[in-house]
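Following: one structure in structure tokens, then a few remarks.
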Amino acid sequence: MTNVSTSLIHHPYVPPSAFAAPQPGVFKASTVIFPNVAAMRQREWKDKSGYTYGLHGTPTTYILEERLCTLEGGLQCLLVPSGLAAIATVALSLLKTGDEVLLPDNAYGPNKTLCDGELRNWGISTRLYDAMDPADLAAKISDKTRLVWLEAAGSVTLEFPDLPALVRICQARGVTSALDNTWGAGLAFNAFDLVPGSGETLGVDISVHALTKYPSGGGDVLMGSVITRDAGLSLRLKLGHMRLGLGVGANDAEAVLRSLPSIALRYRAHDASARKLAQWCSGRAEFAQVLHPALAGSPGHAHWQALCQPPAGSAQEGGAAGLFSVLIDARCSQAQVDAFCDALKLFRLGYSWGGPMSLVVPYELASMRPHWPAHLARGTLVRFSVGLESAADLQADLAQALAHLSV
Ligand SMILES: Cc1ncc(COP(=O)(O)O)c(C=O)c1O
């Protein structure tokens with residue numbers, strides 16, 4: 001008789017295949033077993049027709065990738081360990097020494113840091129363009145430009161750009177466009193079909209998404225995705241992803257699969273509360289400006305309306321993420337602003353948004369931009385991420401903390 005250790009590892013039992021449940025199975029593997037040497041030699045991982053190694057996919061990650069393609073309107077998807085890893089995968093897979101990348105001036109900070117760090121060390125240059133001025137993007141694209149990043153809305157300051165105009169410029173100049181689609185989450189607009197029903201095919205080349213935010217929805221998972229609709233571009237990214245050794249854990253993939261069915265409902269709930277609170281804040285003297293793309297007067301409001309307000313009867317979800325920022329009147333001291341943030345009881349101090357708990361972060365805008373944007377009032381910027389608590393309770397929380405600000 002075989003030793004029990006061997007029998008436990010090489011057990012012959014195979015469960016019946018006809019099992020169905022609402023959630024897909026969680027397959028965990030670094031090693032993938034092949035039936036014979038011929039199969040081992042023939043197996044192909046790039047077209048997802050089989051399995052070769054844990055990093056190249058399991059049934060659990062393939063299922064998640066397909067669902068994310070459905071969410072965002074893409075055809076190919078790669079999973080990576082964080083949203084920032086998704087940004088880095090695009091840059092490291094597509095750029096080489098001598099190339100230039102263009103970033104919107106309101107880009108997600110760590111994307112700028114990557115450009116100023118590793119990319120600069122490797123001889124890849126970066127220039128910022130004015131996210132609200134397509135002519136500035138057109139002027140800055142040079143014969144070295146290989147990648148243009150887009151964000152809608154911009155990080156922290158939430159200006160909404162004329163995304164179709166920016167993408168048209170990239171297409172006309174033959175430069176790859178990559179959108180950080182975390183704010184829109186595949187729900188506010190379709191990144192691969194920016195002018196639906198117009199007959200014009202206009203979409204970004206690449207959409208990256210910090211699944212850490214709304215797709216996870218719990219504030220407890222870090223993951224990112226890179227989605228495309230072009231097989232050639234997808235292969236370049238897939239080869240970079242493979243060489244960098246990027247993969248995600250099966251339990252994290254499962255957590256995102258579990259949350260995805262409720263993403264549209266949650267997104268709408270975050271959106272509704274954020275709009276109520278942003279509206280309320282815009283009537284308060286302590287706030288010199290409230291930034292939320294759905295508020296009339298917020299920078300880029302008309303572009304948000306054009307892209308994210310679906311026509312009546314349309315199948316599009318539309319809407320906005322649950323984020324808004326305020327510029328606290330410049331007469332309030334930094335100590336007062338800090339006391340306001342500390343006094344909030346339901347809005348907790350923390351960065352990663354998209355979960356059930358409301359969050360607040362004070363920022364130093366002057367250190368994030370080369371100069372103070374003309375469309376922003378002077379003051380201290382505070383960003384709120386609105387969770388799934390009652391909007392009335394959140395408003396009461398803001399109201400009591402305002403006692404710390406005097407104008
Ligand atoms: C717009 C945006 N993109 C990307 C990321 C990065 O996501 P992660 O935290 O998963 O690296 C964040 C995180 O805050 C973000 O706000």
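Here the structure is a predicted model, which is why all the values come from computation and not from measurement.
Nearest heavy atoms, Val167 versus Gly203: CG1-O, 3.4 Å. Counting all heavy atoms, side chain and backbone alike, Ala131 lies closest to Pro104 at CB-CB, 3.8 Å. Ser352 approaches Thr212 most closely through the heavy-atom pair OG-CG2, 3.4 Å. When all heavy atoms of Tyr267 and Ala185 are compared, the closest pair comes out as CE1-CB, 3.9 Å. For the pair Pro134 and Ala165, the tightest heavy-atom approach, listed with the atom from each and the gap, is CG-CB, 3.9 Å. The two atoms that bring Ala269 and Leu388 nearest to each other are CB-CD2, 3.9 Å, heavy atoms only.
Ring planes of His11 and Tyr13: perpendicular class, angle over 60° (limits at 30 and 60°). Ring geometry, His270 versus Tyr214: the interplanar angle falls from 30° to 60°, so the pair is classed tilted.
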Between side-chain atoms of residues 239-260 and protein atoms elsewhere (two or more places apart, or another chain), which donor-acceptor pairs fall under 3.5 Å?
{"residue": "His241", "atom": "NE2", "partner": "Leu79", "partner atom": "O", "Å": "2.8"}
{"residue": "Ser259", "atom": "OG", "partner": "Ser216", "partner atom": "O", "Å": "2.7"}
{"residue": "Ser259", "atom": "OG", "partner": "Ala255", "partner atom": "O", "Å": "3.3"}

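Here the CZ-CG distance, from Arg369 to Leu376, works out to 6.0 Å after rounding to the nearest 0.5 Å. For the atom pair CG of Asn181 and CG of Leu179, the computed distance is 4.5 Å after rounding to the nearest 0.5 Å. Leu291 CG to Arg383 CZ: the interatomic distance, rounded to the nearest 0.5 Å, is 12.5 Å. Atom CG of Leu71 sits about 6.5 Å away from atom NE2 of His209, to the nearest 0.5 Å. Distance check, rounded to the nearest 0.5 Å: NZ of Lys48 to OG1 of Thr61 gives 7.5 Å. Rounding to the nearest 0.5 Å gives a distance of 4.5 Å between CG of Leu233 and CD1 of Ile206.
Without hydrogens or angle criteria, Thr58 side chain to Lys28 main chain gives no donor-acceptor distance under 3.5 Å. Counting only distance, with no hydrogens or angles, the side chain of Asp205 and the backbone of Ala178 share no donor-acceptor pair below 3.5 Å. The backbone N or O of Ala85 lies less than 3.5 Å from a partner atom in the side chain of Ser82, making a donor-acceptor pair. Looking at Trp122, its side chain never comes within 3.5 Å of a backbone N or O of Gly117 through a donor-acceptor pair. No side-chain donor-acceptor contact under 3.5 Å links Arg348 to the backbone of Met357. With hydrogens and angles ignored, the 3.5 Å screen pairs a side-chain donor or acceptor of Ser325 with a backbone N or O of Val156. Asp271 contributes a side-chain N or O that, together with a main-chain N or O of Ala320, makes up a donor-acceptor pair within less than 3.5 Å. For the pair Glu44 (side chain) and Lys46 (backbone), a donor-acceptor distance under 3.5 Å is present. In this structure, the side chain of Ser358 engages the main chain of Gly387 through a donor-acceptor pair within 3.5 Å. A donor-acceptor distance shorter than 3.5 angstrom exists from the side chain of Gln400 to the backbone of Asp397, with no hydrogens or angles considered.
Remark: aromatic rings of Trp183 and Phe160 are close, center separation under 6.0 Å.
For the pair Thr380 and Phe340, the minimum side-chain heavy-atom distance is 4.5 Å or more. The closest side-chain heavy-atom distance from Leu349 to Cys341 is below 4.5 Å. Proximity of Arg168 to Val195: side-chain heavy atoms (C-beta onward) are separated by under 4.5 Å at one or more points. Between Leu75 and Phe192, the closest side-chain pair of non-hydrogen atoms is not below 4.5 Å. Residues Lys276 and Ser273 are not in side-chain contact: their nearest non-hydrogen atoms beyond the backbone lie 4.5 Å or more apart. Leu327 places none of its side-chain heavy atoms less than 4.5 Å from the side chain of Phe287. Side-chain contact between Thr52 and Val32 is absent, with no heavy atoms from C-beta onward closer than 4.5 Å. Cys170 places none of its side-chain heavy atoms less than 4.5 Å from the side chain of Thr176.
No more than 12 heavy-atom neighbours from other residues, nucleotides or ligands sit within 6.0 angstrom of OH on Tyr53.
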**Study point:** Steps toward side chain to side chain contact (heavy atoms under 4.5 Å, CB included) verdict (Tyr51, Tyr62)
**Key:** CA-CA 10 Å; Tyr51 303 99; Tyr62 282 4; 3.4 Å; yes
Check your understanding: Between Ser155 and Asn106, is a side chain to side chain contact (heavy atoms under 4.5 Å, CB included) present by the stated rule, with each step listed?
Key -> CA-CA 6 Å; Ser155 271; Asn106 53 9; 5.8 Å; no
Practice item. Could you walk me through whether Phe324 and Leu295 pass the side chain to side chain contact (heavy atoms under 4.5 Å, CB included) test, one step at a time? Key: CA-CA 10 Å; Phe324 73 96; Leu295 278 189; over 6 Å; no
Practice item. In sequence, state the C-alpha distance, the side-chain angles, and the governing distance for Asp180 and Thr182, and then conclude on side-chain hydrogen bond (donor to acceptor under 3.5 Å, both in side chains). Key: CA-CA 6 Å; Asp180 184 329; Thr182 308; 2.6 Å; yes
Practice item. With side chain to side chain contact (heavy atoms under 4.5 Å, CB included) as the test, would you mind laying out the steps for Ser298 and Leu158 before giving the verdict? Key: CA-CA 9 Å; Ser298 196; Leu158 299 167; 6.0 Å; no
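Taking the charged nitrogens against the carboxylate oxygens, Lys238 and Glu65 have no contact shorter than 4.0 Å, which rules out a salt bridge. With respect to Lys96 and Asp99, a salt bridge is recorded, a charged nitrogen being found less than 4.0 Å from a carboxylate O. Using a cutoff of 4.0 Å between basic side-chain nitrogens and carboxylate oxygens, Asp116 and Lys112 are not scored as salt-bridged.
Each of Leu103, Leu137, Asp105 was compared with Tyr129 under the side chain to side chain contact (heavy atoms under 4.5 Å, CB included) criterion, and only Leu137 meets it.
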